[in-house]
Amino acid sequence: MKTFTIGNYLVFNKRIGKGAFSRVYKGFHIKHPDNIVAIKQIEHDNITKLAKNIKREIEVMKKLNHMYILKLYDVVYDYDNNNIYLILEYCAKGDMTSFLNSRPLKEKYVKKYMYQLSEGLKYLYKHKIIHRDLKLSNILISDTNDIKISDFGFARYFDSDTMVETLCGTPLYMAPEIMKYKNYTIKADLWSIGIIMYQMLVGKPPYNAKTFYQLVKMIDKYKPQLPNGLFVSPECSDLLFSLLVKEPTNRITWENFFNHIWIKNYISESMMIENNLINIDF
Ligand code: ATP
Ligand code: MG
């Protein structure tokens with residue numbers, strides 16, 4: 001397969017993903033050919049300016065270490081061509097959009113992924129990082145079927161107009177307060193988490209609008225609802241509809257999300273299964 005080089009990395013020509021500002025490739029460090037990494041090329045019209053702001057942040061991100069957070073190994077700056085390359089942990093199973101493939105998951109699996117999402121976000125929250133761009137395509141799946149949260153913190157380096165423009169492609173996850181007033185609060189991510197949870201349970205998002213304006217109107221007019229015939233536990237429904245609250249002040253808080261009974265139950269339930277298996281062994 002054809003390759004090209006970026007710093008000390010050999011990169012395969014074939015692209016594995018594409019985003020609004022980026023292209024993603026597979027590759028490896030020339031000294032560690034066994035360790036496959038993902039290489040994400042970020043284009044920017046002024047990377048010198050961007051790099052100045054981003055460099056300190058990248059140092060913080062490189063130090064982050066959590067099982068549900070995508071690892072950032074290294075960064076390569078290409079000032080001549082206005083590109084930044086992020087060298088990232090490679091996730092063989094791709095992102096959650098293709099993983100779900102528009103099919104709903106059983107409640108017990110949604111609980112597993114929501115538990116992992118909340119643990120990862122709790123870790124970021126402790127490090128004072130809010131994500132700002134939570135969506136299915138930013139949740140990657142490892143070969144052990146665990147999630148890896150990606151693309152946190154970068155959103156703020158793109159000015160709000162660019163953000164809103166590009167998000168128009170998928171404003172689906174955007175909290176109503178941002179859509180309407182471009183007003184970002186710390187609680188906006190919790191709305192996006194609600195959309196993600198809904199998509200996992202139902203296989204599709206709660207609102208299906210063609211335009212940005214239509215979506216704003218729909219959210220204003222209709223409360224999100226689960227489809228007829230889909231039954232979930234009361235605790236599951238409680239969490240979902242506490243996240244999908246239009247008014248940010250009435251939306252569940254981060255603390256209450258991390259400690260929600262439905263999510264907490266995941267740990268005790270998986271412990272119980274483990275204990276049962278031990279009993280069977282004996
Ligand atoms: P946006 O530009 O709005 O962030 P996006 O999240 O889809 O959209 P990228 O983050 O650039 O764009 O990623 C594009 C795609 O590449 C992802 O959706 C995913 O399928 C794939 N991808 C990204 N990072 C990795 C990785 N570390 N391992 C495997 N696949 C990846
Ligand atoms: Mg992404």
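When a ligand or atom number is given, it counts from 1 through the structure's own listing order. For this chain, numbers begin at 1 and follow the sequence in order. These numbers come from the heavy atoms of this one structure, side chains and all, not from hydrogens, waters or symmetry mates.
At a threshold of 2.8 Å, the Mg ion (ligand 2) has a backbone or side-chain N, O or S atom of Asp151 nearer than that distance. Residue Ser22: no N/O/S atom is found under 2.8 Å from the Mg ion (ligand 2).
Taking 4.5 Å as the limit, every side-chain heavy atom of Lys135 sits out of range of all side-chain heavy atoms of Ser192.
Scanning all heavy atoms of the two residues, the minimum distance from Ala209 to Met218 falls at CB-SD, 3.9 Å. Scanning all heavy atoms of the two residues, the minimum distance from Lys187 to Pro248 falls at NZ-O, 2.8 Å.
Each of the following atoms of ligand 1 lies closer than 4.0 Å to a heavy atom of Val24: 11 (O), 13 (O), 14 (C), 16 (O), 22 (N), 23 (C), 24 (N). Under a 4.0 Å criterion applied to the non-hydrogen atoms of Ala38, ligand 1 contributes the atoms 26 (C), 27 (N), 28 (N). Close approach to Lys40 involves these atoms of ligand 1, each under 4.0 Å from a residue heavy atom: 9 (P), 10 (O), 11 (O). Set against the non-hydrogen atoms of Asp151, the atoms of ligand 1 under 4.0 Å away are 4 (O), 6 (O), 10 (O). Under a 4.0 Å criterion applied to the non-hydrogen atoms of Lys18, ligand 1 contributes the atoms 7 (O), 12 (O), 14 (C), 15 (C). Using a 4.0 Å cut-off to heavy atoms of Asn138, the atoms of ligand 1 that qualify are 4 (O), 6 (O), 10 (O).
In this view, Asn265 and Lys111, Ile261, Ser268, Glu269 satisfy the side-chain contact (heavy atoms from CB on, under 4.5 Å) rule, not counting sequence neighbours.
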Apply side-chain contact (heavy atoms from CB on, under 4.5 Å) to residues Thr5 and Thr3 and explain how you reach the verdict.
CA-CA 7 Å; Thr5 50; Thr3 55; over 6 Å; no

I would like to know whether Asp146 and Gln116 meet side-chain hydrogen bond (donor to acceptor under 3.5 Å, both in side chains); could you show each step before the answer?
CA-CA 8 Å; Asp146 295 310; Gln116 297 189 345; 2.8 Å; yes

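The aromatic rings of Tyr79 and Tyr77 lie parallel to each other, their planes meeting at an angle below 30°, with 60° marking the opposite boundary.
Looking at ligand 1, you won't find any N or O of Tyr90 less than 3.5 Å from one of its N or O atoms.
Within the 4.0 Å heavy-atom shell around ligand 1 one finds Lys135.
At a heavy-atom distance under 4.0 Å, no atom of Thr97 approaches ligand 1.
Of the options Leu172, Val216, Ile219, Leu244, a side chain to side chain contact (heavy atoms under 4.5 Å, CB included) to Tyr207 is made by Ile219 and by none of the others.
Around atom 29 (C) of ligand 1, the closest heavy atom drawn from Ser22, Cys91, Ser137 belongs to Cys91.
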